[in-house]
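Note that the numbering runs from 1 along the sequence shown for the chain. Start at 1 and go down the list; that is how both ligands and their atoms are numbered.
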Amino acid sequence: MSYEFQQLEPKWQNFWEKSKVFEMDVSKEFDPFYLLVMFPYPSGDKLHLGHWFVYGLLDSWARFKRMNGKKVFFPMGFDAFGLPAENFAIKKGIHPDVTTTQNVTYMREQFRRMGTSYNWNYTLDTSKPNYYKWTQWVFLELYKKGLAYKKEAPVNWCPSCQTVLANEQVQDGQCERCDSVVARKNLSQWFFKITDYAQPLLDNIERLDWPHRTKAMQQNWIGRSEGTEIIFEIAGSKKTFTVYTTRPDTLFGVTYVTLAPEHPLVAEITAATQQASVTAYIEETARVTEVDRLSTTREKTGVFTAAYAINPVNGEKIPIWIGDYVLYSYGTGAVMAVPAHDERDFAFAKKYKLPVRRVILEDGIDASAAMTTAYTEDGKMIASDKYNGMMSSDVIKAITKDLEEKHIGKFKVNFRLRDWLISRQRYWGAPIPIVHCPQCGEVAVPEKDLPVKLPEDVDFRPTGESPLKRCESFMNTSCPKCGGKAQREADTLDTFVCSSWYYLRFPNVGNNSQAFETKLTNKVLPVDKYVGGPEHACMHLLYARFINMVMKDLGHINFDEPFESLTHHGLVLGADGQKMSKSKNNTVSPDAYVEKHGSDVLRMYLAFGFNYIEGGPWDDQGIKAIARFIERAWRLLEENKTTLTSTTAPKLECSQEDKKLLFVLHNSIRMATRDTEAFQFNTSIARCMELCNALHDYIRATPEAERNTGMLRDTLQKFVILLSPFAPHAAEEWWSWCGKTKSIFLETWPTHSEEFLTLDETTFAVMINGKLRGEFKTPSTATETEVVAQAKEQAFVQKHLAGLNIVKHIFVPKKLVNFIAK
Ligand code: ANZ
Ligand code: ZN
């Protein structure tokens with residue numbers, strides 16, 4: 001017989017389900033190991049091969065950890081609200097609740113066929129009222145703390161998704177979902193005040209066990225900057241404005257200032273002669289995204305306001321310009337320009353013929369030499385009054401102190417991080433639990449009235465306004481405060497809000513009176529190992545850390561960070577090297593491979609053919625080799641079924657052949673354990689293949705009567721255990737051949753012993769033409785051919801053989817080699 005996966009895989013899937021091997025009551029576990037993988041969107045794509053790679057192999061890791069004694073809490077759910085599900089529903093013309101439920105059912109079946117070991121008694125679907133009730137509760141907790149607010153702001157608008165996007169969802173000026181060019185729009189929107197947590201979010205990053213690159217990306221995104229705010233007066237007026245600079249040492253080199261076109265002062269100070277060009281420029285700027293405005297390669301442009309400012313340190317009159325490279329949303333929206341020491345200012349000054357004044361001298365350069373580029377490094381101060389001769393790096397502190405004493409400046413920390421835009425003008429999301437009352441204004445829906453249910457009978461096609469606005473039965477309500485007529489908030493919450501707290505919900509899924517219960521949550525969390533793609537570095541992973549910190553500050557939990565340890569998986573790409581997606585027509589469905597080779601072969605191929613951390617383009621070249629390997633393992637175990645159930649104790653006195661096999665076994669255990677732990681599944685499987693070969697060799701080389709049956713049985717069983725995370729169905733079958741009635745996944749992972757890893761050695765004497773010339777050591781298992789070959793390689797032998805030809809050799813086992821040479 002061979003591996004009949006069509007019968008065997010469902011057999012073991014049923015066994016796991018019936019015997020509840022992977023179910024656990026996490027509230028009863030003393031020290032659970034929380035293993036979590038970013039949950040999928042139940043979109044129309046269902047699970048493609050890329051998902052099999054991520055989810056299938058992490059399941060192998062979960063099985064490995066269980067066998068290593070961890071009480072693995074391994075839940076799975078569905079990130080069901082949001083655009084992927086909604087767009088699929090629009091395309092099919094079916095309500096998203098129906099399609100989402102269908103897709104979830106289908107995906108659960110796929111997970112079953114994959115043979116995953118999730119704790120299905122802990123699952124969640126973020127689009128169901130028993131989940132989004134608590135998402136609304138999370139919103140209200142932040143609202144009560146002043147961390148959720150509505151304001152009119154220029155926001156990113158995707159014309160194709162017809163909704164606003166968070167800054168994090170805009171990549172190179174394009175929508176992260178559909179690649180449309182994002183526009184700027186002034187709209188009233190809801191925000192979470194993540195900027196209040198900029199410093200704490202930064203502080204903890206260093207200590208997290210996360211990939212270095214991801215930590216660096218978050219640090220950059222938060223973007224802490226230390227500098228000085230300096231007040232400038234407008235010439236001929238009492239009006240002032242403040243600039244933010246990281247280089248106050250260059251204050252004497254300022255030759256103009258630049259305001260962001262949106263700066264409110266612009267309207268007040270622009271002279272009549274410049275009004276038309278300023279207005280035109282402001283309109284032009286409104287169409288450019290912030291990303292483009294910051295681009296270093298884009299030409300810097302600007303317009304003169306015909307107003308002047310006074311440099312506070314020398315009283316000089318300097319022109320005020322506006323320029324779109326100054327962002328209104330950063331710092332104070334105004335910069336002092338120092339063309340001599342800042343590249344952008346230098347380019348701008350050249351273009352508009354503004355003066356360049358050097359105040360920091362480069363070593364070995366004459367102060368009067370013309371500048372061809374900005375000098376941005378440290379140096380000696382010149383043309384800076386009392387600071388002349390000091391080092392510029394020292395002046396940063398000194399001048400800030402002087403400005404502070406005169407009350408015209410102060411030290412200031414700024415962050416690049418912006419508040420998180422959470423409202424969306426789409427149907428398929430959790431309604432924001434706020435009521436607008438003509439009498440009382442904005443009123444929070446009381447917790448007892450949650451969930452604010454998403455109405456079902458709504459024309460959900462996007463129009464640019466929330467579809468809920470057209471649903472009167474939803475919109476019209478009464479004010480929770482005064483009881484008068486009021487309107488509900490029509491926008492819904494972005495899906496990133498749903499996923500910003502789901503890790504807190506998993507241990508609490510059955511709880512209908514609380515989002516999460518403090519004691520249980522503190523016990524199970526933080527997540528011990530979180531796995532997901534690196535593309536979430538500045539979105540989900542930052543949002544989740546923020547929500548976790550807020551929940552801690554509110555006293556609901558006692559830990560600072562949700563995910564202490566993070567691993568990124570790679571992606572299995574389409575054969576074209578592109579990310580798999582329906583739109584690129586390069587998705588590979590796993591179903592055909594499962595039908596042809598079985599689930600275990602596909603899983604093991606993914607584990608063997610790709611590096612989990614790096615991924616790579618799909619190619620099915622090697623899948624047949626894996627199928628053959630499983631067949632070979634099958635034959636090995638089937639032909640030795642009687643050995644598998646033998647009750648003989650292992651012989652303590654080991655033959656050379658026994659020792660050879662034990663060496664390979666213990667080496668495989670040692671390496672496979674280390675590599676599986678580190679997600680290096682490919683090399684772990686290579687060790688299993690070596691062990692399979694060594695077992696075949698042993699059986700071939702040792703007549704049945706001479707075999708160490710007890711040792712062979714133990715080795716075969718350990719081989720099955722080592723393979724079990726990667727071929728869970730086949731391994732259960734083989735385990736049953738060993739006479740076992742319990743799941744192999746309740747077994748303990750084997751450990752290696754060093755004693756088997758040092759093979760016995762024999763010392764051989766070497767003679768040349770009967771004369772003793774020296775000796776060398778070699779493993780006792782070496783054959784005559786091996787010993788002779790090694791003898792020839794010894795330096796002392798080569799020296800005495802120089803110029804001679806070996807005619808023959810004489811071999812005395814365990815003792816000597818004698819070369820006859822002429
Ligand atoms: C004068 C100056 C002289 C500057 C010099 C640099 C070099 P980070 O590190 O990003 O905080 N800046 C300030 N606000 C800005 C805004 N809203 N939009 C665009 N640029 C802005 O950099 C701060 C520096 O970026 C500030 O220091 C300011 O230019 C500019 F030799 O001031 B500096
Ligand atoms: Zn009211």
Atoms of ligand 1 less than 4.0 Å from Val335 heavy atoms? 12 (N), 13 (C), 14 (N), 15 (C), 20 (N), 21 (C), 28 (C), 30 (C)
Please determine if Thr246 has a nitrogen or oxygen closer than 3.5 Å to a nitrogen or oxygen of ligand 1. yes
Note: ligand 1 atoms sitting under 4.0 Å from heavy atoms of Thr245 are 1 (C), 2 (C), 4 (C), 26 (C), 27 (O), 32 (O), 33 (B)
Judged by atom type as modelled, is there a donor-acceptor pair below 3.5 Å linking the side chain of Thr400 to the main-chain atoms of Ala398? no
Under 4.0 Å, counting heavy atoms only: does Ser225 come that close to any atom of ligand 1? yes
Using a strict 4.0 Å cut-off to heavy atoms of Val326, name the atoms of ligand 1 that fall inside it. 16 (C), 17 (N), 18 (N), 19 (C)
Looking at ligand 1, would Leu327 count as a contact under a 4.0 Å heavy-atom criterion? yes
What protein heavy atom is closest to atom 7 (C) of ligand 1, reported as residue, atom name and distance in Å? Asp342 OD2, 3.3 Å
Check each of Arg344, Met336, Arg224, His341 against atom 31 (F) of ligand 1 and report the one with the nearest heavy atom. His341
Can you give me the closest heavy-atom contact between Phe81 and Ala430, atom names plus distance? CE1-N, 3.4 Å
Nearest heavy-atom contact between Arg426 and Thr163 is CG-CB, 3.8 Å
Tell me whether the guanidinium CZ or amine NZ of Arg416 lies under 6.0 angstrom from the six-membered ring centre of Tyr330 and within 45° of its axis. yes
Starting from atom 10 (O) of ligand 1, locate the nearest protein heavy atom and write down its residue, its atom name and how far away it is, to 0.1 Å. Arg416 NH2, 2.4 Å
Could you give me the CA-CA distance, side-chain angles and deciding distance for Tyr352 and Trp321, then say whether ring-ring contact (aromatic ring centres under 6.0 Å, His included) is met? CA-CA 10 Å; Tyr352 296 108; Trp321 283 65; 4.8 Å; yes
Report the nearest protein non-hydrogen atom to atom 28 (C) of ligand 1: residue, atom name, distance rounded to 0.1 Å. Tyr244 O, 3.7 Å
Of all heavy-atom pairs linking Tyr427 and Glu86, the shortest is N-OE2, 3.4 Å
List every atom of ligand 1 that sits less than 4.0 Å from any heavy atom of Val338, numbering the atoms from 1 in the order shown and giving each element. 3 (C)
Against heavy atoms of Tyr325, which atoms of ligand 1 measure under 4.0 Å? 18 (N), 19 (C)
Taking the basic N atoms (NZ, or NE/NH1/NH2) and the acidic carboxylate oxygens, is any pair closer than 4.0 Å for Asp292 and Arg184? no
Mind checking whether Tyr256 and Phe348 have ring centres under 6.0 Å apart? yes
Would you check if the side chain of Arg247 reaches a backbone N or O of Thr376 as a donor-acceptor pair within less than 3.5 Å? yes
Using a strict 4.0 Å cut-off to heavy atoms of Thr250, name the atoms of ligand 1 that fall inside it. 3 (C), 31 (F)
